[in-house]
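Notes follow once the structure below has been shown.
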Amino acid sequence: MTKGPLKIAFYDGEFAGDVCALMHLCDVEGEVTPYDRAPYHTLEEVLCVLDLCEERYSTPCPTSGAMTVFVGRKRGNEVTPIARLDVYARDGYASASVVGLGPRTDTSPVHFGPEDGAVVIARKVLAAYLQP
C-alpha cells in the first residue's frame, strides 16, 4: 500500500510561525519506492525525490541567508506535515536544523555555489546529513 507522494515546499526566509511571511520559491512533489531493499525512511525518500528533480529542473535561488523547507505527505488534496528543514546559508556554506522527526537535529555545513537553486542546496545538506 502506497503512503502517497511527498510534497516538498521551499520558501525564502526563516520560519517564525507564519508561512505567509515567507516568499514561496517552489514546490516539488514525488514518490520513490525501492525494489531491492526495505522502504526508504522519510528523509531518504526526500533525498531521492530531490535528486530526481535536480536532474531535470532548475529551481530559484534563495535570496536571503535562510530557507525553510516543509515536507509533507499528500493524500488527495490534504497534506500531512512530516518535517521542516530550517536551512541557513552564509559565505558559500549551508546547514540545516531538522525539525519534526524526533528531537531537533542540526546538520554539518556543506559547500554550495552561487548558482545553486533551492533544491540543490537542500539536497546537498540532506545528502551530507544522511551519509553514514
Side-chain angles (χ1 to χ4, degrees):
M1 181 168 156
T2 183
K3 298 179 280 185
L6 291 168
K7 179 172 182 179
I8 308 164
F10 295 81
Y11 291 86
D12 197 358
E14 186 173 355
F15 181 67
D18 182 12
V19 74
C20 294
L22 302 173
M23 184 178 84
H24 183 253
L25 294 172
C26 63
D27 290 335
V28 173
E29 293 184 19
E31 185 172 18
V32 180
T33 304
Y35 294 104
D36 59 348
R37 56 162 276 191
Y40 293 120
H41 67 70
T42 301
L43 291 181
E44 285 179 314
E45 186 178 3
V46 169
L47 182 59
C48 288
V49 169
L50 295 180
D51 277 339
L52 292 170
C53 177
E54 180 183 352
E55 290 175 11
R56 292 178 175 89
Y57 307 103
S58 63
T59 56
C61 297
T63 58
S64 70
M67 177 174 66
T68 304
V69 182
F70 295 98
V71 177
R73 184 80 63 187
K74 285 184 73 172
R75 286 226 167 197
N77 291 329
E78 298 293 318
V79 177
T80 302
I82 297 172
R84 186 180 80 233
L85 301 172
D86 295 327
V87 181
Y88 303 99
R90 173 181 244 140
D91 300 326
Y93 287 91
S95 61
S97 293
V98 180
V99 181
L101 294 172
R104 175 186 156 156
T105 307
D106 294 325
T107 70
S108 298
V110 295
H111 179 69
F112 71 95
E115 70 287 345
D116 288 345
V119 166
V120 174
I121 293 169
R123 188 202 50 77
K124 286 180 177 182
V125 168
L126 271 181
Y129 176 67
L130 294 173
Q131 281 182 345

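Below, each value reflects all heavy atoms present in this structure, side chains not excepted, and no hydrogens, waters or symmetry copies. Everything quoted here is computed from the prediction, not taken from an experiment.
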* Asked: If you draw a 6.0 Å radius around CD in Glu78, do more than 12 non-hydrogen atoms from other residues or ligands fall strictly inside?
  ->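 Not buried by this count: 12 neighbours or fewer within 6.0 Å.
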Note, [X] side chain near [Y] side chain (heavy atom, < 4.5 Å):
{"X": "Ile82", "Y": "Leu6", "result": "yes"}
{"X": "Leu47", "Y": "Leu130", "result": "yes"}
{"X": "Ile121", "Y": "Val87", "result": "yes"}
{"X": "Leu126", "Y": "Gln131", "result": "no"}
{"X": "Thr68", "Y": "Leu85", "result": "no"}
{"X": "Arg104", "Y": "Val98", "result": "no"}
{"X": "Ser108", "Y": "Tyr129", "result": "no"}

* **side-chain contact (heavy atoms from CB on, under 4.5 Å) evaluation trace for Leu52 with Val32** => CA-CA 10 Å; Leu52 292 170; Val32 180; 3.9 Å; yes
Please tell me whether [X] and [Y] are part of a single hydrophobic cluster in this structure, the criterion being side-chain heavy atoms less than 4.5 Å apart.
{"X": "Val19", "Y": "Val71", "result": "no"}
{"X": "Phe112", "Y": "Leu25", "result": "yes"}
{"X": "Val46", "Y": "Val119", "result": "yes"}

* Asked: Asp27 side chain to Lys7 main-chain N or O, any donor-acceptor pair under 3.5 Å?
  ->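 Checked: no pair found.
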* To do: Apply side-chain contact (heavy atoms from CB on, under 4.5 Å) to Phe10 and His24, showing your working.
  => CA-CA 6 Å; Phe10 295 81; His24 183 253; over 6 Å; no
* **Arg73 and Thr80 side chains, donor-acceptor separation under 3.5 Å** =>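 The answer is no; no qualifying pair exists.
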* ring pair (Phe, Tyr, Trp, His ring centres under 6.0 Å): which pairs involve residues 51-79, sequence neighbours left out? ->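 Qualifying pairs: Tyr11-Phe70, Phe15-Phe70.
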* Quickly, which of Asp106, Thr105, Asp86 forms a side chain to side chain donor-acceptor pair (under 3.5 Å) with Ser97? Name it, please. =>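 Among the candidates, only Asp106 passes.
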* Charged N-O contact under 4.0 Å between Lys3 and Glu45 ->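 Here Lys3 pairs with Glu45 in a salt bridge, since their nearest N and O are under 4.0 Å apart.
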* Looking at residues at least two apart in the chain, or sitting in another chain, which of them share a ring pair (Phe, Tyr, Trp, His ring centres under 6.0 Å) with Tyr93? ->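 Partners of Tyr93 by the ring pair (Phe, Tyr, Trp, His ring centres under 6.0 Å) criterion, ordered by chain and then number, come out as His111.
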* Can you name the residues that form a side chain to side chain contact (heavy atoms under 4.5 Å, CB included) with Asn77, not counting sequence neighbours? ->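 Applying side chain to side chain contact (heavy atoms under 4.5 Å, CB included) to Asn77 gives none.
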* **Stepwise side-chain contact (heavy atoms from CB on, under 4.5 Å) check, Val49 with Glu31** => CA-CA 7 Å; Val49 169; Glu31 185 172 18; 5.9 Å; no
